[in-house]
Chemist: 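One structure, pasted below without further comment.
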Amino acid sequence: MTTIGLISDTHGCLPPRVFRLFEGVDRILHAGDIGGPDLLVELEAIAPVTAVHGNVDGSELRAALPSEALIEAGGVSIVLMHGHALADQRAETFRAARPDAAMVVHGHTHRARVDRSASPWVVNPGSAGDPRRGDPASVALLRIDGAGPDVQILPL
């Protein structure tokens, strides 16, 4: 089994509970609005990190990170993006933008969601560091085994 920690919209804040929830993951995907390179170093202490920059990340992160990444994990193709460059944040828009992927993982809205209604799945782990609209801070775990992927949103 492959286990991946999904995180987004930390905005420079990494709640301590993330270290417990991500303990033992094989890798971490950060979907942007990181807040600074030091936060990525903290996450690297848990597992290897693949990250993309978001719309509020500064020039240092924009120069160092792509706006989108394609990851293959356990036979599943995952597109990682922040999502701010799309016309809207509907799941259909993400699907139309990356129809060949099995899953699109994004951030930007600060709202957790796992939309399995069509392919690709559209997943937002929520905001770990800057929750809004009364939503709890959250991350997600993606587990991939012989039965396929499963995503669980975890409140912080």
Side-chain angles (χ1 to χ4, degrees), residues 2-15 17-18 21-22 25-36 39-40 43 47 49-59 61-145 147-156:
T2 301
T3 304
I4 300 172
L6 307 177
I7 190 167
S8 188
D9 295 285
T10 46
H11 294 274
C13 176
L14 190 59
R17 188 155 188 250
V18 170
L21 293 174
F22 284 2
V25 301
D26 298 297
R27 71 189 305 175
I28 297 169
L29 304 182
H30 195 306
D33 281 359
I34 298 158
L39 190 134
L40 294 177
L43 287 173
V49 176
T50 300
V52 296
H53 68 76
N55 59 304
V56 300
D57 286 320
S59 59
L61 285 174
R62 286 177 180 268
L65 300 174
S67 60
E68 185 175 297
L70 175 63
I71 298 98
E72 294 286 334
V76 175
S77 62
I78 304 164
V79 171
L80 178 66
M81 65 169 68
H82 189 58
H84 64 284
L86 296 179
D88 61 61
Q89 300 297 302
R90 295 177 304 128
E92 296 79 19
T93 304
F94 285 93
R95 288 187 179 105
R98 302 298 177 266
D100 294 335
M103 185 178 301
V104 177
V105 175
H106 73 94
H108 189 57
T109 66
H110 295 226
R111 301 203 94 157
R113 78 165 156 193
V114 180
D115 187 322
R116 300 174 178 96
S117 64
S119 183
W121 288 8
V122 178
V123 176
N124 184 330
S127 175
D130 186 22
R132 298 180 184 164
R133 295 177 295 275
D135 292 336
S138 62
V139 295
L141 286 178
L142 166 61
R143 292 182 179 93
I144 305 168
D145 62 18
D150 184 51
V151 179
Q152 179 183 12
I153 301 294
L154 303 171
L156 293 172

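Quantities reported herein were computed from a predicted structural model and do not represent experimental measurements. In this chain, residues are counted from 1 in sequence order.
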Chemist: Give the intermediate values and the outcome of side chain to side chain contact (heavy atoms under 4.5 Å, CB included) for residues Ile71 and Leu29.
Modeler: CA-CA 9 Å; Ile71 298 98; Leu29 304 182; 4.1 Å; yes

Chemist: Which heavy atom in Val104 sits nearest to a heavy atom in Phe94, and how many Å separate them?
Modeler: CG1-CD2, 3.8 Å

Chemist: Quick one: do Arg116 and Asp150 make a salt bridge, cutoff under 4.0 Å?
Modeler: yes

Chemist: Quick check against the 3.5 Å criterion: does His110 have a side-chain atom that pairs as donor or acceptor with the backbone of Asp130?
Modeler: yes

Chemist: Side chains of Val139 and Leu156: closer than 4.5 Å at any heavy-atom pair?
Modeler: yes

Chemist: Quick one: does Pro149's side chain get under 4.5 Å of Arg143's, heavy atoms only?
Modeler: no

Chemist: Kindly give the heavy-atom pair with the smallest separation between Pro120 and Ala101, and that separation in Å.
Modeler: CB-O, 3.1 Å

Chemist: Judged by atom type as modelled, is there a donor-acceptor pair below 3.5 Å linking the side chain of Arg17 to the main-chain atoms of Pro155?
Modeler: yes

Chemist: If I compare all heavy atoms of Ala91 with all of Val122, which pair ends up nearest, and what's the gap?
Modeler: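 It is O-CG2, 3.7 Å.
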
Chemist: Rounded at 0.5 Å granularity, tell me how far CZ in Arg95 sits from OG in Ser119.
Modeler: 7.5 Å

Chemist: Is the shortest heavy-atom distance from the side chain of Asp57 to the side chain of Leu65 under 4.5 Å?
Modeler: no

Chemist: Distance alone, cut at 3.5 Å: any donor-acceptor contact between the side chains of Thr2 and Asp26?
Modeler: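 Thr2 vs Asp26: no donor-acceptor pair found between side chains.
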
Chemist: Can you name the nearest heavy-atom pair linking Pro131 to Pro136, along with the distance?
Modeler: CB-C, 4.0 Å

Chemist: Do Met103 and Val79 have side-chain heavy atoms sitting under 4.5 Å apart?
Modeler: no

Chemist: List the atom of Ala97, the atom of Pro99, and the distance in Å for their closest heavy-atom pair.
Modeler: C-CD, 3.5 Å

Chemist: Quick one, Ile153 and Val114 - any side-chain contact, counting heavy atoms below 4.5 Å?
Modeler: yes

Chemist: Any side-chain donor-acceptor pair under 3.5 Å between Arg98 and His106?
Modeler: no

Chemist: Can you name the ring pair (Phe, Tyr, Trp, His ring centres under 6.0 Å) partners of His30, sequence neighbours left out?
Modeler: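 Listed in chain order: nothing, the list is empty.
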
Chemist: Quick check against the 3.5 Å criterion: does Ser77 have a side-chain atom that pairs as donor or acceptor with the backbone of Ala102?
Modeler: yes

Chemist: Verify the distance criterion only: is there a donor paired with an acceptor across the side chains of Gln89 and Arg111 at less than 3.5 Å?
Modeler: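 Absent: no donor and acceptor within the cut-off.
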
Chemist: Atom CD1 of Ile34 and atom CG of Leu39: how far apart are they, to the nearest 0.5 Å?
Modeler: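 Answer for the CD1-CG pair, Ile34 versus Leu39, is 7.5 Å.
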
Chemist: With His82, which residues qualify under side chain to side chain donor-acceptor pair (under 3.5 Å), at least two apart?
Modeler: Asp33, Asn55, His108

Chemist: When you measure from the side chain of Ser127 to the backbone of Ala137, do you find a donor-acceptor pair of N or O atoms at a distance under 3.5 Å?
Modeler: no

Chemist: Drop me the distance from Leu142's CG to Trp121's CH2, to the nearest 0.5 angstrom.
Modeler: 8.0 Å

Chemist: Assess the side chains of Thr109 and Asn124: does a donor N or O sit below 3.5 Å from an acceptor N or O?
Modeler: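 Yes, Asn124 and Thr109 have a side-chain donor paired with an acceptor closer than 3.5 Å.
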
Chemist: Decide yes or no for Ile78 and Ile4: does some side-chain heavy atom of the first lie under 4.5 Å from some side-chain heavy atom of the second?
Modeler: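 In short, these two side chains touch, coming nearer than 4.5 Å.
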
Chemist: Among all residues two or more places apart in sequence or in another chain, which pass the salt bridge (charged side-chain N to carboxylate O under 4.0 Å, His left out) test with Arg27?
Modeler: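 With neighbours one apart ignored, the set is empty.
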
Chemist: Are any of the side-chain heavy atoms of Leu141 and Leu6 separated by less than 4.5 Å?
Modeler: no

Chemist: Is there a side-chain contact between Val18 and Ile7 (heavy atoms, below 4.5 Å)?
Modeler: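 Yes; the side chains approach each other to less than 4.5 Å.
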
Chemist: Side chain of Ser8, backbone of Gly126: donor and acceptor closer than 3.5 Å?
Modeler: no

Chemist: Which atoms form the tightest heavy-atom contact between Leu61 and Gly36, and what is the distance?
Modeler: CD1-N, 3.6 Å

Chemist: Evaluate the criterion salt bridge (Lys or Arg N to Asp or Glu O under 4.0 Å) for residue pair Asp115 and Arg113; output intermediate values, then yes/no.
Modeler: CA-CA 6 Å; Asp115 187 322; Arg113 78 165 156 193; 5.4 Å; no

